[in-house]
Amino acid sequence: MRDRIVATLLAVSALPAFVAPLAAQDLGASVRKIRDGIYVYAAKPIDSNVSIIVTTEGVVLIDTGQTPVDARAVSDIVKKLTPLPVRFVIHTEPHDDHTVGDYVFSPPAVVIAHAGAAESMRKANTAQRNEQMADYPGMRDALKGYRKVLPHVEYKDRMTLNVGERTLELVYLRNVHSEADTAIWLPKERILWAAAAVGVKRYPNLRPFLTIPDIQAAVKMMRGLNPEVVIAGHGAPGTTRIFDEMERYYGLLTERVGKLAGEGKSLDQVKAELRMPEFDDWEGKDRIPSNVELAYKAAKGQNLSQ
Ligand SMILES: [Zn+2]
């Protein structure tokens with residue numbers, strides 16, 4: 001009898017997909033368990049999130065870390081979770097603080113992003129960013145072997161990725177943060193990665209080519225998926241309350257800027273007069289002027305079309 005049990009245990013442990021249950025606390029304070037086999041890593045609350053999705057056919061990562069040190073930490077965590085390799089890396093956006101760690105996983109990982117990501121990454125001065133961080137603890141070691149990995153696959157608009165028992169739906173988000181933003185939806189698990197279309201208690205970084213109506217439409221589309229868990233590009237995983245907060249912010253911003261613009265105020269006057277006391281506890285107040293610029297543009301556009 002005992003031999004049979006041992007034989008059964010050996011057979012089970014020989015399966016490549018067998019993963020011993022591991023409490024999230026064993027993975028360190030930077031890791032949050034979302035569901036069985038799904039974890040989110042961020043060393044600091046303001047850092048970009050790296051998500052680890054374990055499947056029976058290997059691991060899918062969503063983004064690769066704020067810094068190379070984070071990518072190395074994630075690599076160590078993956079090894080504790082499964083003997084299987086990282087098969088795919090999906091970028092929520094092309095910026096360095098989400099993609100700098102690709103070289104730690106690729107090869108063998110195949111990197112997937114929306115069309116336009118490679119061009120954006122090629123233009124980024126990642127070497128200079130790495131040099132500026134080189135004196136951070138552990139950075140010199142983490143940077144060994146660094147090279148810029150550009151996406152191997154650039155999809156357009158939508159893509160479905162089936163890995164093991166999991167299905168991942170990639171959806172392009174137009175004009176929400178960068179040249180190539182991707183939301184990732186796990187329909188069975190009801191988990192949504194919302195990229196930098198939303199933030200958690202922080203003002204968005206709104207570049208001039210973005211539009212607030214596009215961001216609002218993206219949030220509406222993502223809310224329509226009815227997720228149970230929402231994970232922003234940066235900030236703690238949460239629920240659709242993250243969408244509530246962002247919709248409230250953009251609603252009040254466009255309403256107040258629209259009112260001031262309608263009174264004939266100049267952009268500089270609006271910047272000086274606008275008050276958003278409801279969001280006083282948010283990080284990144286230096287981004288408010290760029291937010292006002294986009295809202296002002298939207299208000300003027302509306303006025304012109306009326
Ligand atoms: Zn970014």
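For ligands, and for the atoms within them, numbers begin at 1 and follow the listed sequence. The first residue of the sequence shown is numbered 1, and numbering continues consecutively from there.
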With a 4.0 Å cut-off on N to O distance, would you call [X] and [Y] a salt bridge?
X	Y	result
R166	E57	no
K271	E293	yes
D141	K144	yes

Does the shortest distance from the Zn ion (ligand 1) to an N/O/S atom of D97 fall below 2.8 Å? no

Using 2.8 Å as the threshold, say whether any N, O or S atom from H95 sits that close to the Zn ion (ligand 1). yes

Here's a test for you: under side-chain contact (heavy atoms from CB on, under 4.5 Å), which of T182, I90, I112 qualifies with M159?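 For M159, the side-chain contact (heavy atoms from CB on, under 4.5 Å) test succeeds with only one of T182, I90, I112, which is I112.
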
Which atom name would you report as the N, O or S atom of E93 nearest the Zn ion (ligand 1)? OE1

